[in-house]
Engineer: 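Can you read through this structure? Questions will come right after.
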Amino acid sequence: EKGGYEHFMLKEIFEQPRSISDCMRGRLNASTGHLMLGGIREYANKLVNADRIIMIACGTSWHSALVAEYVFEEFCRIPVEVEYASEFRYRNPVINEGDVVIAISQSGETADTLAAMELAKSKGAIIFGVCNVVGSSIARNSHEGAYTHAGPEIGVASTKAFTAQLTVLTMMALRVAHRKGSITERKYRELLVEFEQIPAKVEKCLELNEDIIKISELFKDATNFLYLGRGYNFPVALEGALKLKEISYIHAEGYPAAEMKHGPIALIDEEMPVVFIATRDSSYDKIVSNIQEVKARKGKVIAIVTEGDALIPKMAEFVIEVPSTNEALMPLVSVIPLQLLSYHIAVMRGCNVDQPRNLAKSVTVE
Ligand code: M6R
């Protein structure tokens, strides 16, 4: 059942070119400009005309929501709030008419997400579910929704479900933006063309596996890691750190790179590996300065960069090159090397990657 892979997690990482295409199948066609999510019909206008979108999730699904916040705000010009389900449900949240909720969950059974969604529903909100497990509680109790169609995810650490969530949420945002007219036809078509190329670009990232094994070997005994990114890559930094923590038991923190100088910079010395997600985008120059700041304090920099980057390889100890794409789609690409890095480090440390200690695949109790 592991299809020749040593662990489900590795199999699921390698399945991503296919799971992302499966997620797009029948929904997106760049050559015709078709983009349609069959599960969102009756309430589609609620989303298009939403005054505010509230996204509710936990863990990795919460990271998908953070990426989606940037996508929805940029292209749809709708304000988005991303909430931890466990906080949202206990603080008497303000929900107004015109607010729309998107509940995101791989399992569709996370207790806090389910309860938060029920609370929002009782206050009159329309709920869209983004779930992987068909027929799960969150899927059944939403008004409408879209499945991620990533197939069963067995590894406790979420990988292919994350990229499928990003795929669905981005499709939702582009559909809304197109309907609203908040992006030009040209930009929309351009993005669809880029989007369709993502599975092939993920495939290219998987070819980096051998290089990542070598880097993992050098850092497997580290006791701390810092992950830094800006813009669309900030949630990717959080996700990279979570992956490392949960399966290798190495302490890791993800931060927006600019926040470093508000505290975490104090941690940096020659023992501290710092993973920068520094692909070419609108915050590139800023992140280059952040890399310089880390280098000045002798931190060891591992940088995820866009193919052909000439500057960062002169600064970083290790560079991992990924294919270029639109910055809004980059998390689908830039997260892949981070999944592999945490996987290999955990295996080298002798950890049970598919079933890490203290964790369950779905958290059905609060
Ligand atoms: O099934 P869900 O997406 O609702 O699960 C949410 C979190 O429990 C989950 O993403 C968790 O953080 C994963 N172990 C992360 O890899």
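Atoms within each ligand, like the ligands themselves, are counted from 1 in listed order.
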Engineer: Can you measure from CZ (Arg280) to CD1 (Ile287) and round to the nearest 0.5 angstrom?
Structural biologist: 12.5 Å

Engineer: Check step by step if side chain to side chain contact (heavy atoms under 4.5 Å, CB included) holds for Trp62 and Leu238.
Structural biologist: CA-CA 10 Å; Trp62 185 81; Leu238 297 184; 3.9 Å; yes

Engineer: Just which atoms of ligand 1 are under 4.0 Å from any heavy atom in Ala157?
Structural biologist: 16 (O)

Engineer: Any idea which heavy atoms bring Tyr147 and Arg27 closest together, and the distance?
Structural biologist: O-NH2, 2.8 Å

Engineer: Any idea which protein heavy atom is nearest atom 1 (O) of ligand 1, and the distance to it?
Structural biologist: Ser107 OG, 2.7 Å

Engineer: Can any side-chain N or O of Lys243 pair as donor or acceptor with the backbone N or O of Ser158 at less than 3.5 Å?
Structural biologist: yes

Engineer: So between Gly59, Ala360, Cys58, whose heavy atom ends up nearest atom 6 (C) of ligand 1?
Structural biologist: Cys58

Engineer: Please work out whether the ring planes of Tyr343 and His7 are parallel, tilted or perpendicular, with thresholds of 30° and 60°.
Structural biologist: perpendicular

Engineer: Just distances here: any N/O of Gln165 and N/O of ligand 1 closer than 3.5 Å?
Structural biologist: no

Engineer: Which residue holds the protein heavy atom closest to atom 5 (O) of ligand 1, what is that atom called, and what is the gap in Å?
Structural biologist: Thr110 OG1, 3.5 Å

Engineer: Which residue supplies the protein heavy atom nearest to atom 8 (O) of ligand 1, what is that atom called, and how far is it?
Structural biologist: Val363 CG2, 4.0 Å

Engineer: In ligand 1, which numbered atoms sit nearer than 4.0 Å to a non-hydrogen atom of Ser105?
Structural biologist: 1 (O), 2 (P), 3 (O), 4 (O)

Engineer: Please indicate whether any nitrogen or oxygen in Ser362 is less than 3.5 Å from any nitrogen or oxygen in ligand 1.
Structural biologist: no

Engineer: Do Thr148 and Gln165 pair up side chain to side chain, a donor and an acceptor below 3.5 Å, judged on atom types alone?
Structural biologist: no

Engineer: Are Ser324 and Glu307 close enough that a side-chain donor and a side-chain acceptor fall under 3.5 Å?
Structural biologist: no

Engineer: Could you tell me if any non-hydrogen atom of Val156 lies under 4.0 Å from any atom of ligand 1?
Structural biologist: yes

Engineer: Is it the case that atom NZ in Lys2 sees more than 12 heavy atoms from other parts of the structure closer than 6.0 Å?
Structural biologist: yes

Engineer: Can a donor-acceptor pair be found, under 3.5 Å and without considering hydrogens, that links the side chain of Lys121 to the backbone of Ala125?
Structural biologist: no

Engineer: At under 4.0 Å between heavy atoms, is it the side chain or the backbone of Glu109 that contacts ligand 1, or both, or neither?
Structural biologist: neither

Engineer: What are the atoms of ligand 1, with element, lying closer than 4.0 Å to any heavy atom of Glu246?
Structural biologist: 13 (C), 14 (N), 15 (C), 16 (O)

Engineer: Return yes or no for this condition: an N or O of Ser61 is under 3.5 Å from an N or O of ligand 1.
Structural biologist: yes

Engineer: Test your reading of the structure: does Lys361 have an N or O sitting under 3.5 Å from an N or O of ligand 1?
Structural biologist: no

Engineer: Give the atom numbers and elements of ligand 1 that come within less than 4.0 Å of a heavy atom of Lys243.
Structural biologist: 15 (C), 16 (O)

Engineer: Go through the side-chain N and O atoms of Thr110 and Asp112 and say whether any donor and acceptor fall under 3.5 Å apart.
Structural biologist: no

Engineer: Who's the nearest protein heavy-atom neighbour of atom 9 (C) of ligand 1, and how far?
Structural biologist: Thr60 N, 4.0 Å

